[in-house]
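Okay, so here's the structure we're looking at.
What you are looking at is a predicted structure, and each value in this text was computed from that prediction instead of being measured.
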Amino acid sequence: MSKATNIVWHESEVTKQNRQQLKKQKSAVLWFTGLSGSGKSTITVALEKALYEQNVHTYRLDGDNVRHGLNQNLGFSPEDRTENIRRIGEVAKLMVDAGILTLTAFISPYEADRNQVRELLDEDEFIEVYVKASLAACENRDPKGLYKKARAGEIKGFTGIDAPYEEPSSPTITLDTDVLSVPEAVQTVITYLKDKGYF
């Protein structure tokens, strides 16, 4: 619910289409969702580099990075998680308007929150990428030691342990990282983007 009153949206003379033409690409949000440790950040870092090498204009929004600044006042309650994703959705929408291919890496455990972001964008501007991995694989990787802390009761409300993760019902792309290597996952996404004419 907006607290601001007496505000008016000011249109630019330069449109999203103008920006896309300048960059010779279509803009969209690649929304990577999955459990902690599934490979979201690792894949988006590698994907961003691979796209850069093909002269594609990108920006990567990562869960922890965003919580250092824009969302530093939010915790991990269901309400704060929803607000976290709402804010990211609004930032991603601005990035799309800027003509940029935006990569996001957020657990985003609730389907309703992901769908709220989807509704902010045009149909071909939201590409949901499910980074699928078994809980056992994520716990084995545990790059930040969070599963160990959650199992020890040091972290409450941890997704996959004592908080839910709602798998996407119809993701655009599924990357099963129990099977795929990082380069294979990156190539899968690049192939999709080329086939659909994003660049």
Work out which heavy atom in D80 is nearest to a heavy atom in G75; give both atom names and the distance. OD2-N, 2.6 Å
Using a strict cut-off of less than 4.0 Å between a Lys/Arg side-chain nitrogen and an Asp/Glu carboxylate oxygen, indicate whether D62 and K40 qualify as a salt bridge. no
Under 3.5 Å: donor-acceptor pair, side chain of R67, backbone of Q72: no
Tell me the closest heavy-atom pair linking S108 and I85, and the distance in Å. CB-CD1, 3.7 Å
When hydrophobic residues are tied together by side-chain contacts of less than 4.5 Å, even through go-betweens, does V189 share a cluster with I100? no
Does T177 use its side chain to pair, donor to acceptor, with the backbone of L180 at less than 3.5 Å? no
Looking at every heavy atom in both A133 and L35, which two are closest together, and how far apart are they? O-CD1, 3.9 Å
Say whether E184 and S181, considering side chains only, have a donor N or O and an acceptor N or O under 3.5 Å apart. yes
Pair V117, D113 - check side chain to side chain contact (heavy atoms under 4.5 Å, CB included), show working. CA-CA 7 Å; V117 176; D113 294 346; over 6 Å; no
Indicate if L47 and I173 have the same hydrophobic cluster label, given that clusters are the connected sets of ILVMFWY residues with side-chain heavy-atom separations under 4.5 angstrom. yes
Between side-chain atoms of residues 50-59 and protein atoms elsewhere (two or more places apart, or another chain), which donor-acceptor pairs fall under 3.5 Å?
from: E53; atom 1: OE2; to: K49; atom 2: NZ; distance (Å): 2.8
from: Q54; atom 1: OE1; to: K194; atom 2: NZ; distance (Å): 3.2

Report yes if the side chains of T172 and V129 come closer than 4.5 Å at any heavy-atom pair, otherwise no. no
Close side-chain approach of V91 to L61, heavy-atom, < 4.5 Å: yes
Rounded distance (nearest 0.5 Å) linking atom CD of Q17 with atom CG of D97: 8.5 Å
With heavy-atom distances below 4.5 Å as the criterion, would you say the side chains of Y147 and F158 are in contact? yes
Could you tell me whether a side-chain N or O of N71 sits under 3.5 Å from a main-chain N or O of V66, the two making a donor and an acceptor? no
Salt bridge (Lys or Arg N to Asp or Glu O under 4.0 Å), paired with R114, selected from E166, E128, E119: E128
From L30 atom CG to E125 atom CD, the distance as rounded to the nearest 0.5 Å: 12.0 Å
Any Lys/Arg nitrogen of R118 or E111 sitting under 4.0 Å from an Asp/Glu carboxylate oxygen of the other? no
Nearest heavy-atom pair of T44 and L103: which atoms, and what distance? O-CD1, 3.6 Å
Please report the C-alpha distance between K132 and D178 in whole Å, then the side-chain angles of each, then the deciding distance to 0.1 Å, and finally whether the salt bridge (charged side-chain N to carboxylate O under 4.0 Å, His left out) criterion is met. CA-CA 8 Å; K132 183 178 181 180; D178 287 357; over 6 Å; no
Just verifying a value: how many Å separate M95 CE and L121 CG, rounded to the nearest 0.5 Å? 13.0 Å
Taking all non-hydrogen atoms of both residues, which atom of I127 and which atom of A28 are closest, and how far apart? CD1-CB, 4.1 Å
If two hydrophobic side chains count as joined below 4.5 Å and joins carry through other members, does I107 share a cluster with L74? no
Within the 6.0 Å centroid threshold, strictly below: F32 and Y130: no
Return yes if some donor-acceptor pair links the side-chain N/O of R19 with the main-chain N/O of A98 below 3.5 Å, else return no. no
Applying side chain to side chain contact (heavy atoms under 4.5 Å, CB included), run through F199 and I190 and close with a yes or a no. CA-CA 9 Å; F199 68 95; I190 286 178; 4.2 Å; yes
Going through the distances and angles, do S36 and T159 end up as a side chain to side chain contact (heavy atoms under 4.5 Å, CB included)? CA-CA 8 Å; S36 178; T159 304; over 6 Å; no
Between E83 and R86 (salt bridge meaning N to carboxylate O under 4.0 Å), is one present in this structure? yes
Would you mind listing the cluster partners of V14? Hydrophobic ones only (ILVMFWY), side-chain contacts under 4.5 Å, chaining allowed. none
Report the C-alpha separation of D122 and K16 in whole Å, then their side-chain angles, then the decisive distance to 0.1 Å, and conclude whether the salt bridge (charged side-chain N to carboxylate O under 4.0 Å, His left out) test is met. CA-CA 12 Å; D122 291 342; K16 174 170 55 179; 3.7 Å; yes
Does the side chain of Y192 come within less than 4.5 Å of Y198's, by heavy atoms? yes
Please report the shortest heavy-atom distance between S27 and G99, naming the atom on each side. CB-C, 3.3 Å
Joint hydrophobic cluster, L101 plus I88, side-chain heavy atoms closer than 4.5 Å: no
Grouping I, L, V, M, F, W and Y whenever their side-chain heavy atoms are under 4.5 Å apart, do L120 and L70 come out in a common cluster? yes
Would E139 and R151 count as a side chain to side chain contact (heavy atoms under 4.5 Å, CB included) if you check the C-alpha gap in whole Å, the side-chain angles of each, and the deciding distance to 0.1 Å? CA-CA 10 Å; E139 284 202 70; R151 291 289 189 195; 2.6 Å; yes
Partners of L22 by side chain to side chain contact (heavy atoms under 4.5 Å, CB included), sequence neighbours excluded? none
Any donor-acceptor pair under 3.5 Å linking the side-chain atoms of R60 with those of S41? no
